[in-house]
Amino acid sequence: MNSDTTSRPHWCKRLLRTILFAPLLWSACQHPPQPSPPAENHNGSQQVLIEEGESSQATYSPKGDKLLFVSGSRAAHKQPQVYEKDLYTGQERRITYQNGGNMHPRYHPKENLIVYASSTDELKENPPMLNPNATVSKLPLPYQAPTEVYLHSLGALEVTRLSNRFGFDGEPHFSNDGREIVWTRVTNQKTEIVT
């Protein structure tokens, strides 16, 4: 009987602890802690965000929590491909898996879409070795590469080709409301802006 009375308070304490902490555990499971945002840089020092490969053309997502960029010369591929980096978790994910080079990626201001330029289809449709360009272009080198403009859904991974002509179509941007896309086109050795 003596052992019964001494064990009862411990059993009651355990039950009381379970009753008190169960709501806290349930709340923690329902609302897991969010990752903290990247530390703000107040002293003006520089920080390397992407080290692997040759990376460039970075742009922030509308919320500022992700970074869209182009990276090539990586272990998995040599051609420039579009990547997205989550600035909260530090995780990168590759967006494009194409044979040609990709460039100028931009986020849609409101939807889960991006737009970019790629040489993939141009290389298949007009192979450089079979169709050598006899005319020497006076335009800067970036505008000499044959590329097309693509709309890419980040959620469904659907790709829509928006331009379809030989030559450079690139540097695409969404309008502020996301209803139009504007880009640079090369026609007759000069650049134009089209929408």
Side-chain angles (χ1 to χ4, degrees), residues 48-74 77-87 92-128 131-195:
V48 176
L49 293 177
I50 315 292
E51 287 187 74
E52 187 181 349
E54 295 177 5
S55 303
S56 62
Q57 305 173 38
T59 183
Y60 283 103
S61 65
K63 292 181 182 176
D65 59 339
K66 294 181 181 173
L67 200 66
L68 200 63
F69 64 98
V70 171
S71 188
S73 299
R74 290 195 170 207
H77 60 86
K78 297 299 174 200
Q79 303 88 350
Q81 301 293 330
V82 177
Y83 280 81
E84 183 179 54
K85 179 166 185 166
D86 188 313
L87 296 174
E92 288 182 9
R93 82 173 172 131
R94 184 174 166 184
I95 304 294
T96 60
Y97 290 82
Q98 299 175 347
N99 295 328
N102 298 289
M103 57 209 79
H104 313 122
R106 295 287 180 267
Y107 283 104
H108 189 281
K110 297 174 184 171
E111 297 181 40
N112 202 19
L113 299 168
I114 63 169
V115 66
Y116 58 89
S118 176
S119 64
T120 298
D121 288 327
E122 283 277 12
L123 290 173
K124 294 174 191 167
E125 294 163 2
N126 300 294
N131 299 305
N133 190 356
T135 350
V136 177
S137 177
K138 57 185 178 186
L139 295 171
L141 192 59
Y143 297 110
Q144 295 179 31
T147 58
E148 301 294 343
V149 176
Y150 296 85
L151 185 68
H152 192 120
S153 166
L154 292 175
L157 297 179
E158 295 174 2
V159 181
T160 305
R161 183 174 172 175
L162 301 180
S163 62
N164 191 1
R165 54 179 292 284
F166 180 74
F168 180 89
D169 281 283
E171 300 177 337
H173 292 270
F174 287 104
S175 59
N176 289 344
D177 62 5
R179 301 180 88 183
E180 292 185 0
I181 299 172
V182 66
W183 69 84
T184 306
R185 170 173 286 170
V186 171
T187 306
N188 299 326
Q189 299 293 312
K190 71 182 188 72
T191 56
E192 302 172 330
I193 305 295
V194 297
T195 185

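Not measured: the values here are computed from a predicted model. The figures that follow rest on heavy atoms only: side chains count, while hydrogens, waters and symmetry mates do not.
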Evaluate whether atom [atom1] of [X] has more than 12 neighbouring non-hydrogen atoms of other residues, nucleotides or ligands under 6.0 angstrom away.
{"X": "Asn176", "atom1": "CG", "value": "no"}
{"X": "Arg93", "atom1": "CZ", "value": "yes"}
{"X": "Gln144", "atom1": "CD", "value": "yes"}

Grab the two heavy atoms, one from [X] and one from [Y], that are nearest each other, plus how far apart they are.
{"X": "Asp169", "Y": "Ala117", "value": "O-CB, 3.8 Å"}
{"X": "Gly100", "Y": "Gln81", "value": "O-NE2, 3.6 Å"}
{"X": "Pro109", "Y": "Ser175", "value": "CG-O, 3.6 Å"}
{"X": "Arg185", "Y": "Ser163", "value": "NH2-CB, 4.2 Å"}
{"X": "Phe174", "Y": "Arg106", "value": "CE1-O, 3.7 Å"}
{"X": "Gln57", "Y": "Pro105", "value": "OE1-CD, 3.9 Å"}

State the OG-CZ distance between Ser119 and Phe168, to the nearest 0.5 angstrom.
->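 Rounded to the nearest 0.5 Å, the OG-CZ separation comes out at 11.0 Å.
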Once you round to the nearest 0.5 Å, how far does CG of Leu154 lie from CG of Asn112?
->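 Going from CG on Leu154 over to CG on Asn112, the span is 4.5 Å.
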Can you tell if the side chain of [X] reaches within under 4.5 Å of the side chain of [Y], non-hydrogen atoms only?
{"X": "Phe69", "Y": "Thr59", "answer": "no"}
{"X": "Met103", "Y": "Thr147", "answer": "yes"}
{"X": "Val186", "Y": "Leu139", "answer": "yes"}
{"X": "Val115", "Y": "Tyr150", "answer": "no"}

Val82 and Ile114: side chain to side chain contact (heavy atoms under 4.5 Å, CB included), yes or no, with the steps?
-> CA-CA 10 Å; Val82 177; Ile114 63 169; 4.1 Å; yes
Would Lys190 and Glu192 pass as an ion pair if we require N to O under 4.0 Å?
->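 Yes, charged N to carboxylate O under 4.0 Å.
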I'd like to know if the side chain of [X] pairs up with that of [Y] as donor and acceptor (distance under 3.5 Å, no hydrogens or angles considered).
{"X": "Thr120", "Y": "Gln98", "result": "yes"}
{"X": "Tyr107", "Y": "Glu84", "result": "yes"}
{"X": "Asn102", "Y": "Ser118", "result": "yes"}

Applying side chain to side chain contact (heavy atoms under 4.5 Å, CB included), run through Val159 and Leu151 and close with a yes or a no.
-> CA-CA 6 Å; Val159 181; Leu151 185 68; over 6 Å; no
Verify side chain to side chain contact (heavy atoms under 4.5 Å, CB included) between His152 and Thr160, making sure each step is shown before the conclusion.
-> CA-CA 6 Å; His152 192 120; Thr160 305; over 6 Å; no
Hey, does the side chain of [X] reach the backbone of [Y] with a donor-acceptor pair shorter than 3.5 angstrom?
{"X": "Ser73", "Y": "Glu54", "value": "no"}
{"X": "Ser61", "Y": "Lys66", "value": "yes"}
{"X": "Lys85", "Y": "Ile50", "value": "no"}
{"X": "Arg94", "Y": "Thr96", "value": "yes"}
{"X": "Gln79", "Y": "Asn99", "value": "yes"}
{"X": "Thr195", "Y": "Ile181", "value": "yes"}

For Glu171, which of Tyr143, Trp183, Tyr116 qualifies under side-chain contact (heavy atoms from CB on, under 4.5 Å)?
->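 Of Tyr143, Trp183, Tyr116, side-chain contact (heavy atoms from CB on, under 4.5 Å) with Glu171 is met by Tyr143 alone.
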Start with the C-alpha gap between Ser71 and Glu52, add the side-chain angles, then the distance that decides, and say whether side chain to side chain contact (heavy atoms under 4.5 Å, CB included) holds.
-> CA-CA 8 Å; Ser71 188; Glu52 187 181 349; 5.8 Å; no
Is Arg74 close enough and on-axis enough to Tyr83, meaning under 6.0 Å and within 45°, for cation-pi?
->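 Geometry flag: set, cation within 6.0 Å and 45°.
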